[in-house]
Amino acid sequence: MLRNPELRTKPLGIQQKNIVVTCNYVARERGISKLSYIKDAEKKCPDIVLVNGEDLTHYREMSYKITNFLLKYTPKVERLGFDENFLDVSDMVRTRLNDPSTKEEVKGHIYGQGQKDDADSCTCGCHARLTVGTQIAADIRSALQEELGISCCAGIAWNKLLSKLVAGTHKPNQQTVLFPEHTFELMLSLEAVRAIPGIGHSTAKRLASLGIQTISQLQEVDQSVLTGEFGNSMAQTMKLLSCGSDQSPVVTTGQAQSISDEDSFRKCQDVEDVKNRIGGLLDNLLKRLEEDGRLPGIIRLTLRKLDKEGQWSKRESRQCRVPSHVFALGNNKTIAWYCVLSNNKTIQMKMK
DNA sequence: ATGGGTCCT
DNA sequence: AGGACCC
């Protein structure tokens with residue numbers, strides 16, 4: 001929509017293979033949901049505009065532009081995927097609180113009732129700090145809109161877990177603050193344990209085997225029950241998360257730890273096809289590697305397979321070190337191939 | 001499902 | 001090298 005503003009008012013879907021992986025809010029009002037099949041989407045909404053989103057280059061570039069923009073405010077910016085960033089603005093809050101011109105006005109939504117009496121219920125100054133947090137968020141969001149044309153949601157809270165959860169309560173393009181009195185309300189509004197960031201598919205299943213499905217069950221279960229299944233550290237973390245407590249700091253993300261390129265290898269008939277496809281992936285990777293400027297230490301080939309019954313993909317990989325002289329020499333692709341295929345590190349693939 | 005990423009064991 | 005998590 002940024003590159004073609006005419007699409008703003010139209011139902012727009014981003015297509016990868018047979019799937020609408022995401023869509024704009026015009027499309028959502030027409031009943032399109034994320035991860036629906038193209039056929040279903042077109043049935044519901046024949047005039048949907050589809051844009052191919054298999055090449056993530058543009059998203060990745062915009063994503064880093066946004067992160068770099070945020071880094072002008074504070075060095076404490078942590079990326080989560082391509083479209084989320086955590087900011088620790090504690091220092092900015094302190095500075096603003098020392099400025100006599102700072103007001104007490106809350107910007108955006110207040111989670112829960114937001115009654116007047118809330119303001120009296122803390123003696124630690126957290127309400128004042130969070131209130132300034134809402135002003136910082138509003139400033140940053142409006143600058144983002146002005147300078148990069150990007151709209152977004154924000155959640156203001158005193159830890160990452162809660163900021164992420166509260167950010168989702170007013171969508172799209174709105175912000176919400178959580179004052180501490182409403183923490184349990186927010187956590188219990190989630191119902192399923194799976195809704196807690198950090199509790200994924202696998203952990204949710206293991207919890208279910210213990211009879212734990214809801215957040216309140218997790219809050220109330222005896223620690224020792226969890227320790228038996230998950231060990232001490234995970235049990236502790238999960239208990240805390242269920243109560244809205246998250247000790248993890250905002251860690252500055254910095255440069256990427258790895259770069260990768262993928263393809264689903266549909267309609268691959270023989271080894272030649274596979275080689276050609278992998279060759280294409282290598283071309284893209286080597287181009288990005290040049291832009292990055294750093295040299296790789298390890299190259300890895302990964303397969304995603306659907307495990308039987310479930311639709312969840314397992315990853316199988318083979319890796320080896322990249323000889324450091326290789327990239328100075330020129331014939332990158334040959335050497336990259338050598339790395340992929342060397343040392344008997346091959347991968348069995350079943351062709352369909 | 002798709003095309004990315006992270007960190008821990 | 002695999003497993004878990006995230007988007």
Side-chain angles (χ1 to χ4, degrees), chain A residues 13-23 33-41 50-64 66-67 77-86 152-153 155 160-161 163-165 167-168 171 193-207 229-234 237-238 241 246 248-266 277-278 280-281 284-285 288 292 298-307 309-321 340 343-348:
Chain A
I14 303 300
Q15 176 175 193
Q16 287 175 348
K17 299 295 180 299
N18 298 323
I19 294 166
V20 178
V21 289
T22 190
C23 55
S33 49
K34 293 182 185 181
L35 302 183
S36 55
Y37 287 105
I38 297 287
K39 295 218 169 187
D40 300 338
L50 294 173
V51 170
N52 190 291
E54 286 166 25
D55 181 350
L56 300 187
T57 306
H58 295 300
Y59 299 101
R60 183 161 40 229
E61 286 173 1
M62 198 56 202
S63 171
Y64 277 100
I66 293 167
T67 299
V77 179
E78 179 178 341
R79 293 164 55 82
L80 186 56
F82 280 4
D83 67 350
E84 291 182 19
N85 291 275
F86 292 105
C152 66
C153 288
K160 291 198 286 178
L161 199 224
S163 67
K164 184 178 166 83
L165 291 176
K171 299 201 287 193
V193 292
R194 185 63 243 265
I196 297 178
I199 297 186
H201 167 71
S202 160
T203 305
K205 263 192 157 174
R206 290 166 74 186
L207 283 170
E229 172 69 23
F230 298 99
N232 239 322
S233 152
M234 249 188 104
T237 308
M238 286 172 39
L241 288 177
D246 173 15
S248 69
V250 173
V251 176
T252 306
T253 301
Q255 284 186 298
Q257 302 299 300
S258 65
I259 60 174
S260 63
D261 199 0
E262 304 187 14
D263 192 285
S264 55
F265 287 78
R266 292 159 88 90
R277 296 265 204 135
I278 296 181
L281 296 178
N284 297 335
L285 276 185
R288 284 171 57 194
D292 183 279
I298 290 172
I299 186 166
R300 168 160 47 201
L301 185 68
T302 302
L303 263 85
R304 290 199 195 203
K305 296 175 177 173
L306 299 185
D307 63 350
E309 295 146 36
Q311 60 227 288
W312 298 83
S313 56
K314 294 271 183 210
R315 285 179 227 214
E316 192 176 318
S317 68
R318 299 291 182 271
Q319 68 176 46
C320 68
R321 295 177 42 177
V340 169
N343 302 329
N344 266 346
K345 285 174 180 165
T346 58
I347 287 198
Q348 297 285 319

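Numbers restart at 1 for each chain; the letters A, B, ... are given by sequence-line order, proteins then strands.
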**OP:** Side-chain contact test, heavy atoms from C-beta onward, threshold under 4.5 Å: evaluate it for A:S248 versus A:L161 and give yes or no.
**Re:** no
**OP:** Go through B:dG3, C:dA4, C:dC7 for me and flag the one nearest to the A:K314 side chain.
**Re:** C:dA4
Subject >> Under 3.5 Å donor-acceptor, A:R304 side chain and A:S264 backbone >> reply: no
**OP:** Please determine if a side-chain N or O atom of A:S202 lies less than 4.0 Å away from the OP1 or OP2 oxygen of C:dG3.
**Re:** no
Original post:
Between A:E54 (side chain) and A:Q16 (backbone), is there a donor-acceptor pair under 3.5 Å?
Top reply: no
Original post:
Should A:K34 be listed as having a side-chain N or O under 4.0 Å from OP1 or OP2 of C:dC7?
Top reply: no
Original post:
What's the CD-C1' distance between A:Q15 and B:dT2, to the nearest Å?
Top reply: 12 Å
Original post:
Is A:S317 near enough to C:dA1 that one of its side-chain N or O atoms lies under 4.0 angstrom from OP1 or OP2?
Top reply: no
Original post:
For A:N85 and B:dG5, what is the distance between atoms CG and P respectively, to the nearest whole Å?
Top reply: 15 Å
**OP:** Ignoring the backbone of A:V21, work out which of C:dC5, B:dT2, C:dC7 is nearest its side chain.
**Re:** B:dT2
Subject >> NZ/A:K17: more than 12 non-hydrogen atoms of other groups inside 6.0 Å >> reply: yes
**OP:** Could you tell me the separation between the CZ atom of A:R304 and the P atom of B:dG5, rounded to a whole number of Å?
**Re:** 11 Å
**OP:** May I ask you to decide if A:L303's main-chain N or O and A:E316's side chain share a donor-acceptor pair within less than 3.5 Å?
**Re:** no
Original post:
Which heavy atom in A:G155 sits nearest to a heavy atom in A:A167, and how many Å separate them?
Top reply: N-CB, 3.4 Å
Subject >> Closest to the A:Q319 side chain, choosing from C:dA1, C:dC6, C:dA4 >> reply: C:dA1
Original post:
So do A:K164 and A:L80 actually touch side chain to side chain, heavy atoms under 4.5 Å?
Top reply: yes
**OP:** Can you figure out which of B:dG4, C:dA4, B:dG3 approaches the side chain of A:F82 most closely?
**Re:** B:dG4
Original post:
Can any side-chain N or O of A:R206 pair as donor or acceptor with the backbone N or O of A:E229 at less than 3.5 Å?
Top reply: yes
Original post:
Where are the stems of DNA chain B, defined as at least 3 consecutive Watson-Crick or wobble G-U pairs with both distances under 3.5 Å?
Top reply: B:3-9 with C:1-7
Original post:
OP1 or OP2 of C:dC7 less than 4.0 angstrom from a side-chain nitrogen or oxygen of A:K164, does that happen here?
Top reply: yes
Original post:
Where the side chain of A:R315 is defined as all heavy atoms beyond and including C-beta, which of B:dG3, B:dG4, C:dA1 is the nearest nucleotide?
Top reply: B:dG4
**OP:** State whether the distance check finds a donor on one side and an acceptor on the other, under 3.5 Å, for side chain A:R318 versus base C:dG2.
**Re:** no
Original post:
Where along residues 255-262 of chain A does a heavy atom come under 4.0 Å from DNA chain B, residue by residue in number order?
Top reply: A:A256, A:Q257, A:S258, A:I259, A:S260, A:D261, A:E262
Subject >> Contact under 4.0 Å: A:R60 side-chain N or O vs B:dG5 OP1/OP2 >> reply: yes
**OP:** State which residues pass side-chain hydrogen bond (donor to acceptor under 3.5 Å, both in side chains) with A:T67; sequence neighbours excluded, sorted by chain then number.
**Re:** A:R79, A:N85
